[in-house]
Number of protein chains: 2
Amino acid sequence: MEKDARDIFKEIGLRVTPQRLEIFKILASMHGHPAAEDVFERIRRRFPSISFDTVYRTLSLFENHGLIKKVHHLADKTRYDTNLKRHHHFVCIRCKKIIDIEWDEIDGIPMPKGVENLGRVEDRYVELRGICKDCLNEEEE
Amino acid sequence: MEKDARDIFKEIGLRVTPQRLEIFKILASMHGHPAAEDVFERIRRRFPSISFDTVYRTLSLFENHGLIKKVHHLADKTRYDTNLKRHHHFVCIRCKKIIDIEWDEIDGIPMPKGVENLGRVEDRYVELRGICKDCLNEEEE
DNA sequence: TCCTAAATAGGAATATATCTTATTTAAAAA
DNA sequence: TTTTTAAATAAGATATATTCCTATTTAGGA
């Protein structure tokens, strides 16, 4: 997010509103991985009457234009895993289907440098994200 | 989940209730990655008066004893990522902190066999799960 | 069989996210 | 610059997921 927010919005055909500019600025300045609520708390300082809806709408908008990303594609409801065998997942970003995959080679790769300073790693989890067969077929029609 | 549910419960010191036995059975029979609601719909056939609370409580209980796992550790609220550079995450399973990590070696590993039948993979995402430095320090005290 | 702590049902409460509608505003057109 | 209009916003209602509260029931030990 280097360029001026105003230019970025114009490039992708978005109206330039003060709320959007401010949310953009907040996101750029906020390290960590904010939730909508965090953004809301911050922007309220400048726009005390801003609504939650505007924040959510703007975050969606930014996401749809690739300016930000959701950390997970399955944040709507908690899903449980009954397969206790070590495995990873293929997740369809369209229909949210989850398919188990085995991928032992993952465990062989050395940790990236510096991770030991972050904490104690207890597990490695890999998610292959894409479009599942069913959704690809529907697309064709 | 091979053993008799009754024995498993006793081993880990849980009371054996009809609701728990049934939920356990449902989980074992249900492939896919059910949400609490899915389990609720199924168990209602046999226990029409069961409450949502019992389902949630039982799922938590099973999770705490390692009988099932949540697919994600961050399912409570949507978190956004403002770092558009390709990266992965270290996630603290205790405080839910997310820390960006770079790990290019991941891209070099060949896909596991059979993935091409599942759909089109568009991205690989890795999550290192563990306990962060802050939580480890608190633990010591 | 009795007793007690634990589990449950039912509904209330909370949290997150989206929708509805009247009002305001950005920005294109005049 | 002024006018026009579709898009954006605020406010609150609504939807959905999850947890909490409390009276009642029950598992399992005494």
Side-chain angles (χ1 to χ4, degrees), chain A residues 4-24 26 33-65 67-80 96, chain B residues 4-24 26 33-65 67-80 96:
Chain A
D4 185 53
R6 195 175 296 269
D7 296 334
I8 295 178
F9 292 174
K10 283 185 179 161
E11 263 175 42
I12 54 185
L14 301 180
R15 286 198 178 181
V16 178
T17 72
Q19 291 91 338
R20 279 179 191 167
L21 287 171
E22 184 67 14
I23 290 176
F24 187 92
I26 286 172
H33 300 77
E37 199 190 349
D38 303 319
V39 176
F40 180 69
E41 290 307 333
R42 282 278 310 264
I43 195 170
R44 234 140 77 96
R45 300 182 197 162
R46 296 215 180 189
F47 296 81
S49 69
I50 196 167
S51 72
F52 241 114
D53 184 59
T54 298
V55 173
Y56 277 110
R57 228 182 330 97
T58 306
L59 290 173
S60 286
L61 188 78
F62 287 178
E63 197 207 352
N64 291 336
H65 288 89
L67 301 179
I68 58 176
K69 287 168 72 177
K70 286 186 181 172
V71 170
H72 285 148
H73 288 87
L74 303 165
D76 46 338
K77 50 173 100 169
T78 302
R79 308 274 298 266
Y80 289 90
K96 314 300 182 192
Chain B
D4 186 54
R6 196 175 295 270
D7 296 335
I8 296 177
F9 292 174
K10 282 186 179 162
E11 264 175 42
I12 54 186
L14 300 181
R15 287 197 177 180
V16 178
T17 71
Q19 291 92 336
R20 278 179 192 167
L21 287 171
E22 184 67 15
I23 290 176
F24 187 92
I26 286 171
H33 300 77
E37 200 190 349
D38 303 319
V39 176
F40 180 69
E41 289 306 332
R42 282 276 311 263
I43 195 170
R44 234 142 75 97
R45 300 181 197 164
R46 296 215 179 186
F47 296 81
S49 69
I50 197 167
S51 74
F52 242 112
D53 185 58
T54 297
V55 173
Y56 276 110
R57 231 181 328 97
T58 305
L59 290 173
S60 286
L61 189 78
F62 287 178
E63 198 207 353
N64 290 338
H65 288 89
L67 301 179
I68 57 176
K69 288 168 73 177
K70 285 187 183 173
V71 170
H72 286 146
H73 287 87
L74 303 165
D76 46 336
K77 51 174 103 171
T78 301
R79 310 273 299 267
Y80 290 90
K96 314 299 182 194

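Lettering follows sequence order; numbering is per chain, from 1.
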Within less than 4.0 Å of OP1 or OP2 of D:dA10, is there a side-chain N or O belonging to A:Thr54? yes
Classify the ring geometry of A:Phe24 against A:Phe9: parallel below 30°, tilted from 30° to 60°, perpendicular beyond 60°. perpendicular
For A:Lys77 and B:Glu37 the tightest heavy-atom approach is NZ-OE1, 2.9 Å
Side-chain N,O (B:Gln19) to OP1/OP2 (D:dT26) below 4.0 Å: no
Need the bend value for the helix from C:dT1-D:dA30 to C:dA30-D:dT1: angle between end axes, 5 pairs each end, nearest 10°. 30°
Rounded to whole Å, CZ of A:Phe9 lies from P of C:dA27 at a distance of 11 Å
Euclidean distance, atom CZ of residue A:Phe40 to atom C1' of C:dA17 [Å, nearest integer]: 13 Å
Identified side-chain contact (heavy atoms from CB on, under 4.5 Å) counterpart of B:Phe40 within the set B:Val55, B:Ile23, B:Thr54, B:Ile26: B:Val55
Looking only at side-chain atoms of A:Ala36, point me to the closest of C:dT8, C:dA17, C:dA27. C:dA17
Residue pair B:Val39 / B:Pro34: nearest heavy atoms and the distance that separates them: CG2-CB, 4.2 Å
5′-ward residue of the pair B:Lys10/B:Glu37 relative to DNA chain D: B:Glu37
Minimum heavy-atom separation for A:Gln19 and A:Ile43, please, with both atom names. O-CD1, 3.8 Å
Can you tell me if A:Arg79 uses its side chain to pair, donor with acceptor, with the backbone of B:Ala35 under 3.5 Å? no
In whole angstrom, give the distance that lies between atom CG of B:Leu21 and atom P of D:dT26. 15 Å
For A:Leu74 and B:Val71, work out which heavy atoms get closest and say how close. CD1-CG1, 4.3 Å
So which nucleotide from D:dA10, C:dA9, D:dT18 ends up closest to the side chain of A:Thr78? D:dT18
Integer-rounded Å distance: C:dT25 P and A:Ile50 CD1: 13 Å
Given DNA chain C, 5'-ward residue of the pair B:Asp53 and B:Leu14, judged by closest heavy atom: B:Leu14
Under 4.0 Å: is that the gap between some side-chain N or O of A:Arg57 and OP1 or OP2 of D:dT9? yes
Using whole Å, what does the distance between atom C1' of nucleotide D:dT25 and atom CZ of B:Arg20 come to? 14 Å
In whole angstrom, give the distance that lies between atom NZ of B:Lys96 and atom P of C:dA15. 17 Å
Distance below 4.0 Å between A:Tyr56 side-chain N/O and C:dA17 OP1 or OP2: yes
Whichever of B:Lys70 and B:Arg15 has its nearest DNA chain D nucleotide further upstream toward 5': B:Lys70
Given D:dA7, D:dA17, C:dG10, the nucleotide with the shortest approach to the side chain of A:Lys77: D:dA17
Just call it for A:Pro18: base, sugar-phosphate, or nothing, with non-hydrogen atoms closer than 4.0 Å on any strand. sugar-phosphate
Length of the CZ-P vector between A:Arg6 and C:dA26, whole Å: 10 Å
Distance, rounded to the nearest Å, where A:Asp76 contributes CG and C:dT16 contributes C1': 11 Å
I would like to know whether A:Arg57 and A:Ser60 meet side chain to side chain donor-acceptor pair (under 3.5 Å); could you show each step before the answer? CA-CA 5 Å; A:Arg57 228 182 330 97; A:Ser60 286; over 6 Å; no
